[in-house]
Amino acid sequence: MAIKEIDLDRRDSASYRKALRQVGFLSASYLSTSGFDVASLKKLAKAGKLDAIRCAIGRSVRWYYHERQAELAHLRGLA
């Protein structure tokens, strides 16, 4: 999957975030507070080694990464 890009309205963003959590995607801000290197995760996603979703909500852009893949990358020292 690599990177999937989605444009949302503010009205849809809360329900979409909930749906992303249910299928195993975590926000980059949550991962960064948990000790993950978000810049490395973005590089891995751009290289096609990690599934990510780029959500554009107006001018704001939020990244979501697949939880299991991000944890494996963190354990391997890649993120």
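All figures in this text were calculated on a predicted structure; none of them were measured in a lab. For the single chain, residues carry numbers from 1 onward in sequence order.
For Ile6 against Ile53, the heavy-atom pair with the smallest separation is CD1-CG2, 3.8 Å. In plain terms, the two heavy atoms of Tyr65 and Leu50 that are nearest each other are CD2-CD2, 3.7 Å. Here the closest heavy-atom approach between residue Asp7 and residue Ala56 is recorded as OD1-CB, 3.2 Å. Nearest heavy-atom pair across Ser13 and Leu8 is CA-CD1, 4.1 Å. Nearest heavy-atom pair, Ala2 versus Gly48, reported as atom, atom and distance to 0.1 Å: CB-CA, 3.9 Å. Minimum heavy-atom separation, Ile3 to Ala45: CG1-O, 3.7 Å.
One N or O on the side chain of Gln69 and one on the backbone of Asp51 form a donor-acceptor pair closer than 3.5 Å.
With a 4.5 Å cut-off on side-chain heavy atoms, Trp63 and Val38 do not count as touching.
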Distance-only donor-acceptor hits, side chain of residues 71-79, under 3.5 Å, sequence neighbours excluded:
| unit_1 | atom_1 | unit_2 | atom_2 | d |
| --- | --- | --- | --- | --- |
| His74 | ND1 | Ala79 | O | 2.8 |

For residues 17-30, please give each side-chain donor-acceptor pair under 3.5 Å, one per line with the distance, not counting sequence neighbours.
| unit_1 | atom_1 | unit_2 | atom_2 | d |
| --- | --- | --- | --- | --- |
| Ser27 | OG | Ser29 | OG | 3.3 |
| Ser27 | OG | Tyr30 | N | 3.3 |

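With rounding to the nearest 0.5 angstrom, the SG atom of Cys55 is 9.5 Å from the NZ atom of Lys4.
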